[in-house]
**Q** 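Structure in structure tokens, see below.
So that the names make sense, note that chain A is the first sequence line, chain B the second, and so on, each numbered from 1.
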Amino acid sequence: MDYKKHIAERINIYGVDADEIYSSIALPPNSEMGDYALPCFKFAKILRQSPVSIAEKLREAYKTDEKISEVSAVNGYLNFKVNKAGLAYDVLNCILSTGEKYGSSDTGKGKTVCIDYSSVNIAKPFHIGHLSTTVIGGALYKLYKFLGYNVVGINHLGDYGTQFGKLISAYKRWGDKDEVEKGGIHAINDLYVRFNTEADEEMENEAREYFRLIENGDREANEIFEWFKSLTLKYVQGIYCKLGVQFDSYAGERFYTDKMQPVIDELRAKNLLRESEGAQIVDLEKYSMPPCLILRSDGASLYATRDLAAAEYRKATYDFDKCLYVVAYQQNLHFKQVFKVLELMGKEWAKDLVHVAYGMVSLEDGAMSTRKGKVVWLEDVINKCVEKAYTVIEEKNPELENKNEIAEKVGVGAVIFGALYNNKIKDIVFSYDKVLSFEGETSVYVQYTCARANSVLLKSGELSAVPENYEPNAQEFEVVKQLAVFPEILEEAAEKFEPSYIARYAVDLAQKYNKFYIECKILSETGGKKAFRLALTKVTLQTLKNSLKILGIGVPDKM
RNA sequence: GCAUCCGUAGCUCAGUUGGAUAGAGCAAUAGCCUCCGACGCUAUGUGCCGAUGGUUCGAAUCCAUUCGGGUGCACCA
């Protein structure tokens with residue numbers, strides 16, 4: 001179904017190879033001009049002819065065939081019109097036969113991708129700032145699987161640092177076992193907030209001491225810590241379940257405690273380590289970066305040290321072809337440094353490490369702060385969205401069965417989609433108005449389109465075979481073309497680590513289908529026309545479902 | 001100060017391996033349910049694509065400078 005390739009193979013330009021012709025083929029601004037176009041301007045110098053005459057000569061030489069029905073030369077562009085009936089027939093049958101696998105491929109066969117995402121902090125509830133990494137990572141996870149990769153989802157737990165000393169100190173001062181059991185993670189967080197507001201020098205010292213106790217294997221400190229950890233994991237599991245994300249490993253920072261020394265030894269052996277102001281660093285001045293700190297002046301390890309150990313461990317354990325870090329752009333420099341240090345250590349695989357950076361989330365009145373307790377919890381956002389969905393269903397479709405289940409799919413979908421619809425690098429100012437808006441370019445719009453398509457299919461009875469030689473009209477053909485590019489869109493999304501491509505694709509397809517739906521009758525038609533339109537409806541529904549599924553969004557049959 | 005990202009319609013954003021008249025949604029106005037789901041569709045308008053210069057047959061897209069904003073920059077993670 002690669003029409004560009006088909007065209008490129010049939011054009012000969014002296015001194016230009018087929019690959020270059022292939023990559024030069026573009027899409028005309030509107031479909032009346034054609035379905036594909038080859039701009040001939042860049043060939044003018046090589047051939048020493050005007051683009052207009054080149055296009056004209058190529059047009060004369062091109063023999064139309066079963067795929068390309070018309071070729072025209074316009075102002076230096078060579079425009080191609082495809083055989084609409086043929087394309088429509090191929091696309092519909094392809095989707096009908098592949099079904100929920102439509103768009104999948106084996107490009108990733110034999111390759112492994114590690115994705116480090118979500119990476120929750122122990123004892124901290126999920127707030128909207130954690131949403132992006134979780135759903136972007138989750139979507140990439142499902143996308144790579146769909147493309148045939150072996151994928152390893154890693155939740156690099158934030159379970160290391162003096163903050164855990166603070167927590168234990170706070171718990172021992174004010175905590176109560178039953179209250180924490182009952183209040184769960186929010187009760188722990190309250191203790192943390194209280195510690196930060198009341199802490200003086202003495203308490204800070206106590207916290208450092210407790211952290212040291214955890215490190216040295218003190219039984220009581222570790223018991224409390226493990227208890228907090230299990231409460232946290234139980235809690236996040238509920239959220240992950242709703243968001244449809246999963247992990248294959250929960251190896252967090254503490255996991256690397258005993259894996260850092262070999263890295264430090266290697267750095268020293270390779271003469272990369274240097275003392276500076278009492279600390280051990282890798283100097284990166286040559287690369288116009290500040291130094292990468294490996295050991296503090298008191299000998300303790302740092303964030304970067306653990307990330308170096310983690311990268312080594314992942315390479316040794318999973319032998320990845322790519323390792324992605326879905327982490328906010330605040331850490332651009334950190335990852336640049338870590339990757340550079342690994343490169344300097346001679347790890348040829350350092351080039352396979354990718355920081356998938358995304359924008360930050362703030363509130364309308366400024367940045368969030370867990371320590372100050374100024375946050376929007378993700379559960380609240382999800383709950384409000386689900387409630388809103390329920391209210392809308394109650395209003396528009398009160399007879400519906402399973403209203404709770406459907407409201408859940410719609411509400412959760414809106415939360416996920418809102419976080420995935422824009423380019424990931426964009427900052428987000430969180431507002432309830434925005435996430436609760438269900439109109440326009442939203443998952444609800446796509447889900448509604450699915451419900452509409454599904455309703456048509458329910459009323460249609462058995463589908464007959466797609467008619468051959470059916471000449472689609474303009475609206476039908478727009479849908480067909482959009483359906484056909486789905487596999488390409490997925491490849492691009494994977495290549496650019498950009499789930500938003502898929503979200504936008506789904507909205508585009510839904511828009512094109514809705515335009516078709518309004519313009520064209522389906523059920524009251526007969527014969528080939530009806531068969532074609534029903535098939536078009538069925539494969540559109542399938543493709544919309546496939547797109548949303550990758551994003552972790554479910555599609556209700558009715559809503 | 002150095003590094004890095006962003007700047008497109010009133011708002012939120014697409015569009016950037018250079019290509020033909022710069023597109024959506026929201027908001028506004030006017031329409032469309034005796035007809036397959038109106039959470040939908042149609043029509044109407046707004047743009048020195050932050051600015052300047054350069055490269056090119058051609059620049060929102062590439063380069064340089066500049067302005068505005070975000071983020072990061074030594075013992076937190």
**Q** What's the NZ-P distance between A/Lys512 and B/A24, to the nearest Å?
**A** 10 Å
**Q** Touch check for A/Asn75, heavy atoms < 4.0 angstrom, all strands: base, sugar-phosphate only, or nothing?
**A** nothing
**Q** Nearest-Å distance, CD (A/Glu253) to P (B/A77)?
**A** 7 Å
**Q** Now, which nucleotide makes the Watson-Crick or G-U wobble pair with B/A27, with each of the two distances under 3.5 Å?
**A**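 Check on B/A27: unpaired, no WC or wobble geometry under 3.5 Å.
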**Q** Any side-chain N or O of A/Arg452 less than 4.0 Å from the OP1 or OP2 oxygen of B/A38?
**A**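 For B/A38, OP1/OP2 do have a side-chain N/O of A/Arg452 under 4.0 Å.
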**Q** Counting Watson-Crick and G-U wobble pairs only, both distances under 3.5 Å, name the nucleotide matched with B/U4, or none.
**A** B/G70
**Q** Under 4.0 Å between a side-chain nitrogen and a carboxylate oxygen: does that hold for A/Glu525 and A/Arg533?
**A** yes
**Q** State whether A/Tyr325 places a side-chain N or O below 4.0 Å from either non-bridging phosphate oxygen (OP1 or OP2) of B/A77.
**A**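 For B/A77, OP1/OP2 do not have a side-chain N/O of A/Tyr325 under 4.0 Å.
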**Q** Is the phosphate of B/C39, meaning OP1 or OP2, less than 4.0 Å from a side-chain N or O of A/Lys396?
**A** yes
**Q** Using a heavy-atom cut-off of under 4.0 Å over every strand shown, decide if A/Glu277 touches base, sugar-phosphate, or nothing.
**A**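 Result for A/Glu277 = base.
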**Q** What's the closest nucleotide to the side chain of A/Gln330 if the choices are B/G72, B/U4, B/C75?
**A** B/G72
**Q** For A/Cys520, report the nucleic acid contact type (base, sugar-phosphate, nothing); a contact means any heavy atom under 4.0 Å.
**A**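 Touches a base.
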**Q** Nearest to the A/Ile518 side chain among B/G40, B/G72, B/A14, which nucleotide is it?
**A** B/G40
**Q** Is any side-chain N or O of A/Arg504 closer than 4.0 Å to OP1 or OP2 of B/G25?
**A**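 For B/G25, neither OP1 nor OP2 has a side-chain N or O of A/Arg504 closer than 4.0 Å.
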**Q** For B/U8 versus B/U46, give the span between their C1' atoms, rounded off to a whole number of Å.
**A**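 Between the two C1' atoms, the distance is 13 Å.
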**Q** Is A/Asn423 close enough to B/A14 that one of its side-chain N or O atoms is under 4.0 Å from OP1 or OP2 there?
**A**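 Yes, within the criterion.
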**Q** Ignoring hydrogens and angles, are the base of B/A74 and the side chain of A/Ser276 linked by a donor-acceptor pair under 3.5 Å?
**A** yes
**Q** Decide if atom NZ of A/Lys81 counts as having more than 12 heavy atoms of other residues, nucleotides or ligands within a radius under 6.0 Å.
**A** yes
**Q** Does B/A22 pair with anything, Watson-Crick or G-U wobble, both distances under 3.5 Å, and if so, with which nucleotide?
**A** none
**Q** Counting Watson-Crick and G-U wobble pairs only, both distances under 3.5 Å, name the nucleotide matched with B/A38, or none.
**A** none
**Q** To the nearest angstrom, how far is A/Glu525 atom CD from B/C35 atom P?
**A**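 In whole Å, B/C35 P lies 17 Å from A/Glu525 CD.
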**Q** Would you indicate which nucleotide in B/G70, B/A20, B/A24 comes nearest to any side-chain atom of A/Asp427?
**A**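 So the side chain of A/Asp427 is nearest to B/G70.
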**Q** Between A/Lys336 and B/C73, is there a side-chain N or O to OP1/OP2 distance below 4.0 Å?
**A**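 So the side chain of A/Lys336 is outside the cut-off, no N or O lying under 4.0 Å from OP1 or OP2 of B/C73.
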**Q** Kindly indicate whether a cation-pi arrangement holds for A/Lys340 with A/Tyr287, taking the cut-offs as under 6.0 Å to the six-membered ring centre and within 45° of the axis.
**A** yes
**Q** Round to the nearest Å and state the distance from A/Glu441 atom CD to B/A27 atom C1'.
**A**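 In whole Å, B/A27 C1' and A/Glu441 CD are 13 Å from each other.
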**Q** Would you call A/Arg212-A/Glu215 a salt bridge at under 4.0 Å N-O?
**A** no
**Q** Please report, rounded to the nearest Å, how far the P atom of B/A24 is from the CD atom of A/Gln482.
**A** 14 Å
**Q** Counting only distance, no hydrogens or angles, is the base of B/C76 paired donor-acceptor with the side chain of A/Thr162 under 3.5 Å?
**A** no
**Q** Please state the P separation for the pair B/A9 and B/A74 - nearest whole angstrom.
**A**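 Looking at atom P only, B/A9 and B/A74 are 37 Å apart.
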**Q** Indicate, with a heavy-atom threshold strictly under 4.0 Å, whether A/Ala328 touches base, sugar-phosphate, or nothing.
**A**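 Here A/Ala328 touches no strand at all.
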**Q** Just N and O in the side chain of A/Lys434: are any of them under 4.0 Å from OP1 or OP2 of B/U12?
**A**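 For B/U12, neither OP1 nor OP2 has a side-chain N or O of A/Lys434 closer than 4.0 Å.
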**Q** Remember a base hit wins even if backbone is also touched, and classify A/Ala26 as base, sugar-phosphate or nothing at under 4.0 Å, heavy atoms.
**A** nothing
**Q** With heavy atoms under 4.0 Å as the rule, sort A/Met289 into base, sugar-phosphate or nothing.
**A**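 Nothing: the residue A/Met289, judged by heavy atoms under 4.0 Å, touches no strand.
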**Q** Do A/Tyr160 and A/Phe211 come close enough that some side-chain heavy atom pair is under 4.5 Å?
**A**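 The answer is yes; the side chains approach within 4.5 Å.
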**Q** Distance under 6.0 Å and angle within 45° of the ring axis: does A/Arg452 meet both against A/Tyr513?
**A**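 Not satisfied by the 6.0 Å and 45° rule.
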**Q** Look up atom CG in A/Leu353 and atom CZ in A/Phe339, then write down how far apart they are to the nearest 0.5 Å.
**A**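 A/Leu353 CG to A/Phe339 CZ: 5.0 Å, rounded to 0.5 Å.
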**Q** In terms of side-chain heavy atoms of A/Met559, which of B/C39, B/A77, B/A74 is nearest?
**A** B/C39
**Q** In whole angstrom, give the distance that lies between atom NZ of A/Lys426 and atom C1' of B/U12.
**A**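 That distance rounds to 10 Å.
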**Q** Nearest-Å distance, CG (A/Leu333) to P (B/C73)?
**A**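 Atom-to-atom, A/Leu333 to B/C73, this comes out as 7 Å.
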**Q** Is A/Lys384 close enough and on-axis enough to A/Tyr432, meaning under 6.0 Å and within 45°, for cation-pi?
**A**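 Judged by the rule, A/Lys384 and A/Tyr432 form a cation-pi pair.
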**Q** Just N and O in the side chain of A/Asn79: are any of them under 4.0 Å from OP1 or OP2 of B/A20?
**A**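 A/Asn79 to B/A20 OP1/OP2: no side-chain N or O under 4.0 Å.
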**Q** Of the listed nucleotides (B/C41, B/C36, B/G37), which one gets closest to any side-chain atom of A/Lys521?
**A**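 Closest nucleotide among those given: B/C36.
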**Q** A/Tyr77 on top of B/A20's base, within under 5.5 Å and under 30°?
**A** yes
**Q** Under 4.0 angstrom, heavy atoms only, what part of the nucleic acid is A/Pro290 near: base, sugar-phosphate, or nothing?
**A** sugar-phosphate
**Q** Nearest-Å distance, OH (A/Tyr517) to C1' (B/G40)?
**A** 9 Å
